[in-house]
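Right, one structure below, let's go through it.
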Amino acid sequence: MIKIEPFLAIDSTQVRALLRHQDELMPYDAFCAEEKLFNSGLLFWQHWLPCRYHLAPAIYVAQDNGVILGLISIVSHGKSNSCWRINHLVVHPNHRGRGIAQKLMQYVFALFGSQGVSHFVIEISCQSSAAMSLLAGLGFRRAARIIHYQMPSELVVNEEKDKDEENAIFRWAKPEDQNLLYQLFQDSLPSDLRVVYAYSSNDFALRSLPADLTSNGLKRLNKLRTWYWVAHNSERNVLTAAIKVTTHSPGDFHLEFIIHPGWQHMAKEAVKYAMVAIKRLHMEGVIMTKIYDYQAGVAEALEESSWQRHGEFLLLVKEHWLRAKKRSLKLDTTVTLPGIGGKPAINMPYQIPKLYQK
């Protein structure tokens, strides 16, 4: 009999073997998150806490007589904890077709949905017809198309030509830019994704940068894990563009370009600045970015700068039913109906019946 249980550290060997059976192309950030999966096994006690207190990705495995047949990993997408991203959904090839993936997904929906999670998102390869069919049957819908790009290591960047111009447009983000970054993200997102991600200003809290970045700057930045370069319009006090850099591990960098809808011409400047800054900081290794279909300007700038495509994916979203909250229904007893004397009788309960409460 198949059971769904939290992942424990003693199952690490089986999980490592299972992850080798990921046949489809996967997003780069999900690939970089694999090492964090094994840290979650040491934090098994977090499964006894509400999901908003989880310190690492939540991982659940499908077991049959001690043998792991499949797993699912899920991580919060923001401080609000209302949206969770599914990073991994893997089933052993010898046990596919038994409904294990559906059971893992339904388990997560029931567990996290009962704690107030309203949305789940997942990225899948455009070539994975089986995954599309599975997720469509579970209530997922397409929200955006994503193209991943990689910066070639041999790409030549002309640093001197644009040095003065770039320094005048972009700068390092400061802690006081927190609210401006939040507003920029909100303005750049389509209305439906704005509701799905439910960002708050706390998602963009920044730590102070090291005083001197000229010597050992990259090592100091790696400790921060995340930093931004921003372009600020002082007249309107808004950020017109931002580049978010996330380092998963030394030699792995993920860039995210955010361009204000009213300043789309900044896309080329942002890509140009990022390439020069990467060279100055000696950021060697794998440098990736993903561009959504509503970021046509950034995609065009990357193509012109000879960035290489590294796969196409679909962003799928599932809206989950929120818990029914216990509340009292107040009736307006001042209503009168023509031809009927006194107060009308209304067949409506004062409280939601227990049948409809979770």
Side-chain angles (χ1 to χ4, degrees), residues 19 21-34 37 57 70-78 82-91 93 96-97 99-106 108-109 112-113 117-150 185 188-199 244 246 248 254-259 261 267 286 288-303 307-320:
L19 289 174
H21 295 288
Q22 298 180 91
D23 304 328
E24 302 292 342
L25 185 66
M26 62 185 302
Y28 181 71
D29 44 359
F31 172 77
C32 293
E34 286 189 357
L37 299 184
L71 71 84
I72 186 172
S73 74
I74 184 170
V75 64
S76 178
H77 194 77
S82 63
C83 176
W84 284 66
R85 184 178 69 250
I86 299 171
N87 276 338
H88 301 87
L89 179 63
V90 190
V91 177
R96 293 173 184 171
I100 296 175
Q102 289 93 328
K103 290 180 181 179
L104 287 167
M105 296 285 275
Q106 290 167 356
V108 165
F109 296 157
F112 286 80
V117 176
S118 57
H119 292 89
F120 298 90
V121 297
I122 187 172
E123 287 184 33
I124 62 170
S125 171
C126 293
Q127 302 174 357
S128 180
S129 56
M132 292 181 195
S133 176
L134 166 67
L135 296 170
L138 291 170
F140 281 85
R141 63 173 177 84
R142 173 178 168 175
R145 190 181 188 91
I146 303 172
I147 301 179
H148 286 233
Y149 288 90
Q150 181 176 0
F185 268 77
S188 63
L189 284 173
S191 56
D192 59 333
L193 289 181
R194 199 178 304 157
V195 175
V196 170
Y197 292 144
Y199 285 129
K244 180 181 179 181
T246 305
H248 301 281
H254 184 267
L255 274 61
E256 184 175 354
F257 294 91
I258 309 97
I259 311 298
V286 180
M288 301 286 297
T289 186
K290 58 182 179 182
I291 305 301
Y292 295 82
D293 51 10
Y294 54 84
Q295 296 178 301
V298 181
E300 181 181 351
L302 291 172
E303 297 279 357
W307 286 54
Q308 299 174 349
R309 292 196 177 198
H310 203 263
E312 296 187 16
F313 299 84
L314 293 177
L315 175 67
L316 305 182
V317 175
K318 175 181 173 61
E319 286 87 6
H320 192 76

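Since the structure is predicted, the reported quantities are computational estimates derived from the model, not experimental observations. Just so you know, these numbers use all the heavy atoms, side chains as well, and skip hydrogens, waters and symmetry mates.
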Grab the two heavy atoms, one from Arg96 and one from Val91, that are nearest each other, plus how far apart they are. NE-O, 2.9 Å

Sub-3.5 Å donor-acceptor pair from the side chain of Glu303 to the main-chain atoms of Glu300, do we have one? no

Can you tell me how far apart NZ (Lys318) and CG (Leu135) are? Round to the nearest 0.5 Å. 10.0 Å

Drop me the distance from Trp307's CH2 to Met288's CE, to the nearest 0.5 angstrom. 9.0 Å

Quick one: does any side-chain atom of Arg145 pair with a main-chain N or O of Glu312 as donor and acceptor, under 3.5 Å? no

I would like to know whether Phe140 and Leu314 meet side chain to side chain contact (heavy atoms under 4.5 Å, CB included); could you show each step before the answer? CA-CA 11 Å; Phe140 281 85; Leu314 293 177; over 6 Å; no

Checking side chain to side chain contact (heavy atoms under 4.5 Å, CB included) for the pair Leu134/Met105: CA distance, chi angles, key distance, verdict? CA-CA 10 Å; Leu134 166 67; Met105 296 285 275; 5.5 Å; no

Of all the heavy-atom pairs spanning Ala267 and Ile259, show the shortest one and how long it is. CA-CD1, 4.0 Å

Point-to-point distance, once rounded to the nearest 0.5 Å, from CD of Glu256 to OG1 of Thr289: 7.5 Å

Looking at OH of Tyr199 and NE2 of His77, how far apart are the two atoms once the value is rounded to the nearest 0.5 Å? 3.0 Å

Say whether, by atom type as modelled, one donor and one acceptor occur between the side chain of Ser118 and the main chain of Ser82 under 3.5 angstrom. yes

Looking at Val196 and Arg141, what are the two nearest heavy atoms and their distance? CG2-NH2, 4.2 Å

Working note: Val298 + Tyr292, criterion side chain to side chain contact (heavy atoms under 4.5 Å, CB included); need CA distance, chi angles, decisive distance, verdict. CA-CA 9 Å; Val298 181; Tyr292 295 82; over 6 Å; no

For Leu89, which of Ile74, Val108, Leu104 qualifies under side chain to side chain contact (heavy atoms under 4.5 Å, CB included)? Leu104

Within 45° of the six-membered ring axis of Phe313 and under 6.0 Å from that ring's centre, is NZ or CZ of Lys290 located there? no

Do NZ/NE/NH1/NH2 and the carboxylate oxygens of Arg85 and Glu123 come within less than 4.0 Å? no

Of all the heavy-atom pairs spanning Cys83 and Val121, show the shortest one and how long it is. SG-CG1, 3.9 Å

What are the two closest non-hydrogen atoms of Ile122 and Ile86, and how far apart are they? CG1-O, 3.6 Å

Chi angles and distances behind the side chain to side chain contact (heavy atoms under 4.5 Å, CB included) call for Arg309, Leu302: CA-CA 9 Å; Arg309 292 196 177 198; Leu302 291 172; over 6 Å; no

Could you tell me the separation between the CD1 atom of Ile100 and the CG atom of Leu71, rounded to the nearest 0.5 Å? 11.0 Å

Reported CD1-to-CE distance for the pair Ile124 and Met132, which is rounded to 0.5 angstrom: 5.0 Å

Which of these passes ring pair (Phe, Tyr, Trp, His ring centres under 6.0 Å) with Trp84: Tyr197, Phe120, Phe112? Phe112

Below 4.5 Å, heavy atoms only, C-beta onward: do Leu316 and Arg142 meet side chain to side chain? yes

